[in-house]
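Just so it is clear, the structure is predicted and the values come from calculations on it, not from any experiment.
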Amino acid sequence: MALTRRDVIRNGLVVVGGTAAAPLFRGTLQDGAARAAGVTTWHKAPCRFCGTGCGVEVGVRDSRVVAVRGDEQSPVNEGLLCAKGFGLAKILYGADRLVRPRIRNSAGQLVDATWDEALGLIASKWTALVAEHGRDSVAMFGSGQWTIPEGYAALKFMKGGIRTNNLEVNARFCMASAVVGYLTTYGIDEPSGCYDDLDLADDFFLWGSNMAEMHPMLFNRILRRRQADAGVRVHNLTTFGHMTNQGADETLVFKPHSDLYLANAMAHVLVNEGLVDTAFIGNHAVFMRNISGTDTAIDLAAYTAFLDAYRPGDVATAVGISAADITRMARLYGDPARKTVSLWTMGMNQHTRGVWINNLVHNLHLLTGKVARPGNGPLSLTGQPSACGTCREVGTFTHRLPSDRVVANAAHRAAVESVWGVPAGTIPSPAESPLTDAMAMFEKLANGSIKSVWINTTNPFQSMPNLDAYLPRIRAADPFIVVSDIYPSRTVDEADVILPSACWVEKEGLFGNTERRTQHFAKLVPAAGDARPDVWQFVEVARRMGFGHLFPAAWDGQLERSLFDEYRQLTLGTHHDLATFDELVASRGLRWPVHDGVETKWRFNAAYDPAVAPGAPDGIEFYGRADKRAVVWARPYEAPPEIPDANYPFWLCTGRVLEHWHTGTMTRRVPELHRAVPEAVCYINDADAARLGVGGGDRITIRSRRGSVQMRAELPCRVSVPPGLVYVPFFDEDYLINKVVLGAVDPQSKQPDYKKCAVSIEKA
Ligand SMILES: Nc1nc2c(c(=O)[nH]1)N[C@H]1C(S)=C(S)[C@@H](COP(=O)(O)OP(=O)(O)OC[C@H]3O[C@@H](n4cnc5c(=O)[nH]c(N)nc54)[C@H](O)[C@@H]3O)O[C@H]1N2
Ligand SMILES: Nc1nc2c(c(=O)[nH]1)N[C@H]1C(S)=C(S)[C@@H](COP(=O)(O)OP(=O)(O)OC[C@H]3O[C@@H](n4cnc5c(=O)[nH]c(N)nc54)[C@H](O)[C@@H]3O)O[C@H]1N2
Ligand code: SF4
Ligand SMILES: [Mo]
């Protein structure tokens, strides 16, 4: 009998639930059998998992990855790896890897096919759909786990070949709010600083970032700094307690969504206690507010008046942190003798006002002049390995083009068309092909206006919010769905064509991490079975649709290098200048902008960044905006769209655990990680559980206005949730918590709020 994927996942299962995997390792990580076999060669590569971008060395023997160790030469992690890095070798060798293309036949059954049949079917379907229903009847949904050449090929194929803006990525679920935060505050995307800041700061403020589990290597760098200097303090601001508490000097639990109050209250203290760096503000900032869609310049007096509504004493109860603590933290931001770094990830971005809270944290750094200087700055942590390098820099969102260009700007389109060698007017404006963000794309699939989607390197039918509002309607509309993946998944279940993909070092690629570091990896081993690189899949379908001019035959055999070389031209002179392919092959990555082979640690700072004009006051210039100034935004508190009430009395927060990557397709096939956390459970406060008559291991029903899921409650739980809040990770395909989660999005970034909605809990 054929194994189902649940059999495969469960076979290795020895339940030691609740045991967390050890977070960090040094040395060579391989099991006994592999060790006995020895390693023939070692090769450098960035880790496949998180946006930290650790360097690993990959041990290869007999065309197989047999070991992984932290790369001592990597400036990111200096030889250490986290538990997921340990699993890297094994993600390639799960028993149920997809190894040949499959096509759903007219009887609805999946049958094996050749690559030629599968690619030919996609090309002929898409050609026919475009002819009959127009170019916006087809779409692609990609990933921050795409390599740079993959994202660039997808962009060229969709916007330069098919000429549609129906290209989106899962990074919309992840860092869209951080992007709009940077763009609205500085006029240019991505952080000014880098990981060196973690070795230099005195105060680390974590704005709802569970770094110990999600960016373990960066947290390790903070702990190293803390150990070296008794004055260093780690402030863990969070809505519930987790592994990060263990390395924090203080954990302050605030109420979900109340960070808008908190950040404004801290700004109130800065402004009213004379802690503002007035010279810095005078030289480098402007104040603005936005009322009904119009950006309006204001002055410091108007901003001070705005902050009057955010006195610490007035908002403390709503925040859940005392006025004294709020004031004390603000004074640390305002202390010129201390260097300050703010860190955040999904707690701030997955927010119906994600952009605003991003702006408010940038404000704290601008008001105090603590930005773009070594040891000082706001540093958003990126989740996926190339959300920065591919989604943001290449520009694989519906509205974007390379290096902060946008499809709405005719000059930007023309610049890209010229490098592509395509006729003027090829890339569609939003008027010609409407912008379609991720949730809009799934809505169009559900209402039938998009008739086919190619989903690649992402698993949205597990990871998207409010699943039941979309998936049944998508099934009824019955679009032609192509899925490229390496394992079966909830999304592969819906596919009409399944394409088996090469993974990580089974192909060549480049990733770009949180600190603007671009890293290259070579193809080290053959792909499983007949799996092929995603970039090859895009190019082959594009050629079959008549877009061969975009991907010349001369590129064959060096597709990744050719795509990168062309893309690099679009970065030069844009403040996003990338290193050459050969420089990246030779190095452990370089941080852009790169000029003459030299990377940039701190942007906007003349001591490091040659783009700053000579004579800029104190050597700082925010050149992203025409006025060369950054914006301090007056952004008010706005209530969340759903709050607990009598029928749905609990907050539900969702996210991750250390041992698993997102929808679990890879980490659940690594026995060590799977055994540590074999299934998703609901983390609940002891007192709440006692009141509901729920004991450890009991099944409970979590219900929202949108859907319900039954799962076990864990007691005592490995996290410490406050009364009135439950926490559920989303890695387990057997418990689809995204049926329960709210689909509301931030109106500016269109990023969904996965972090809070109202639910009821009862014993099942
Ligand atoms: N082990 C592991 N590591 C990963 C990943 C993984 O799947 N597994 N995924 C990577 C990716 S793509 C991402 S995006 C990151 C995610 O990294 P994180 O954002 O750190 O992790 P999550 O578990 O999504 O979110 C939990 C955090 O959300 C905060 N939070 C909840 N509500 C609020 C709120 O209202 N305001 C604020 N300010 N904070 C709030 C909580 O305090 C908690 O610290 O992790 C990356 N690293
Ligand atoms: N409830 C809840 N939901 C969330 C979030 C949350 O905090 N709470 N966070 C959101 C965030 S921040 C993110 S980033 C998303 C992530 O959501 P997804 O992107 O949907 O999750 P992944 O599991 O990373 O999916 C990647 C898929 O690519 C496959 N894959 C791996 N390597 C390759 C390859 O080389 N080629 C191809 N073709 N496929 C490959 C994997 O098997 C997997 O199926 O989830 C979002 N969903
Ligand atoms: S911290 Fe991130 S990049 Fe580093 S080893 Fe762990 S998962 Fe990989
Ligand atoms: Mo993410």
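- With sequence neighbours left out, D753 forms a salt bridge (charged side-chain N to carboxylate O under 4.0 Å, His left out) with K756.
- Partners of D437 by salt bridge (charged side-chain N to carboxylate O under 4.0 Å, His left out), not counting sequence neighbours: none found.
- The aromatic rings of F397 and H399 are tilted relative to each other, their planes meeting at an angle between 30° and 60°.
- With sequence neighbours excluded, the residues that form a side chain to side chain contact (heavy atoms under 4.5 Å, CB included) with E250 are H235, L252, R328, M329.
- Annotation: salt bridge (charged side-chain N to carboxylate O under 4.0 Å, His left out) contacts of R373 (sequence neighbours excluded): D618.
- Residues N245 and N236 have side chains that bring a donor and an acceptor to within less than 3.5 angstrom of each other.
- Annotation for D299: atom CG counts as buried by contact number, over 12 foreign heavy atoms lying within 6.0 Å.
- Checked options W633, W356, W344; the residue passing with H362 is W344 (criterion: ring pair (Phe, Tyr, Trp, His ring centres under 6.0 Å)).
- The pair R221-E515 fails the salt-bridge criterion, with no side-chain N (NZ, NE, NH1 or NH2) lying under 4.0 Å from an Asp/Glu carboxylate O.
- Inspection of the T571 and S403 side chains reveals no N or O donor paired with an N or O acceptor under 3.5 Å.
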Compile the donor-acceptor pairs under 3.5 Å between side chains in residues 311-318 and protein atoms, sequence neighbours left out, one pair per line.
| from | atom 1 | to | atom 2 | distance (Å) |
| --- | --- | --- | --- | --- |
| R311 | NH2 | D308 | OD1 | 3.3 |

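- Residue pairs meeting the side chain to side chain donor-acceptor pair (under 3.5 Å) criterion with at least one partner in residues 171-185, sequence neighbours excluded, are E168-R172, S177-S749, S177-Q751, Y182-S380, T184-N359, T185-N359.
- There is no side-chain donor-acceptor pair under 3.5 Å between Y727 and T239.
- The aromatic rings of Y186 and F604 sit parallel to each other, their planes meeting at less than 30°, with 60° as the upper class boundary.
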